[in-house]
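What's counted below: heavy atoms across the whole structure, side chains too, no hydrogens, waters or symmetry copies. Residue numbers start at 1 and run along the sequence shown.
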Amino acid sequence: QVQLVESGGGLVQAGGSLRLSCAASGSIVSINTMGWYRQAPGKQRELIARITGGASTSYADSVKGRFTISRDNGRYTVYLQMNSLKPEDTAVYYCNAQGLVATTRIHDFSAWGQGTQVTVSS
């Protein structure tokens with residue numbers, strides 16, 4: 001119904017930058033909230049950034065001031081610009097989208113991307 005494809009992960013040195021992208025496709029009627037989560041080894045998945053349909057943003061304290069979330073509504077795409085990366089940012093990053101999808105009827109959806117690895121070396 002709705003597929004999310006992430007890109008942009010990789011290996012970077014501490015202090016460097018990466019930009020993650022997540023594109024949604026399918027029988028989408030509208031997307032409300034889009035967010036980025038991450039999961040480090042041995043830890044639970046945590047929400048790090050969220051953006052609403054009205055472009056209101058919120059961030060986890062651990063990334064505030066370093067990461068910026070943005071979206072392109074016309075392309076159903078969300079971005080995460082990550083600056084001043086630290087080794088503790090190493091994790092698999094997942095995007096999530098919530099909205100309305102049309103199948104035999106219009107209903108809510110919540111979809112996840114497959115995850116992209118971000119590794120920050122010291």
Hey, what do you get for [atom1] ([X]) to [atom2] ([Y]), rounding to the nearest 0.5 Å?
| X | Y | atom1 | atom2 | value |
| --- | --- | --- | --- | --- |
| I28 | Q3 | CD1 | CD | 8.0 Å |
| T33 | I51 | OG1 | CD1 | 9.5 Å |
| R105 | L100 | CZ | CG | 10.5 Å |

What's the shortest heavy-atom distance between [X] and [Y], and which atoms?
| X | Y | answer |
| --- | --- | --- |
| V78 | C95 | CG1-CB, 4.4 Å |
| A14 | P87 | CB-CD, 4.1 Å |
| Y59 | K64 | O-CE, 3.6 Å |
| C22 | L4 | SG-CB, 3.8 Å |
| I31 | F109 | CG1-CZ, 4.0 Å |
| T116 | E6 | N-OE1, 3.4 Å |

Side chain to side chain contact (heavy atoms under 4.5 Å, CB included) test vs W36 passes for just one of V63, L47, N96, I48, namely I48

Side-chain heavy atoms of [X] within contact of [Y], under 4.5 Å:
| X | Y | value |
| --- | --- | --- |
| S62 | R38 | yes |
| Q81 | S17 | yes |
| T68 | Y79 | no |
| V118 | L20 | yes |
| R66 | M82 | no |
| V101 | H107 | yes |
| N73 | R71 | yes |

Salt-bridge criterion met for D89 and K86 (N-O under 4.0 Å):
no

Note to self: A quick test of your reading: do over 12 heavy atoms of other residues, nucleotides or ligands sit less than 6.0 Å from CZ of R50?
What the structure shows: no

Original post:
If you group Ile, Leu, Val, Met, Phe, Trp and Tyr by side-chain heavy-atom gaps below 4.5 Å, do L80 and Y76 land in one group?
Top reply: yes

Aromatic plane relationship, Y93 with F67 - under 30° parallel, 30 to 60° tilted, over 60° perpendicular
tilted

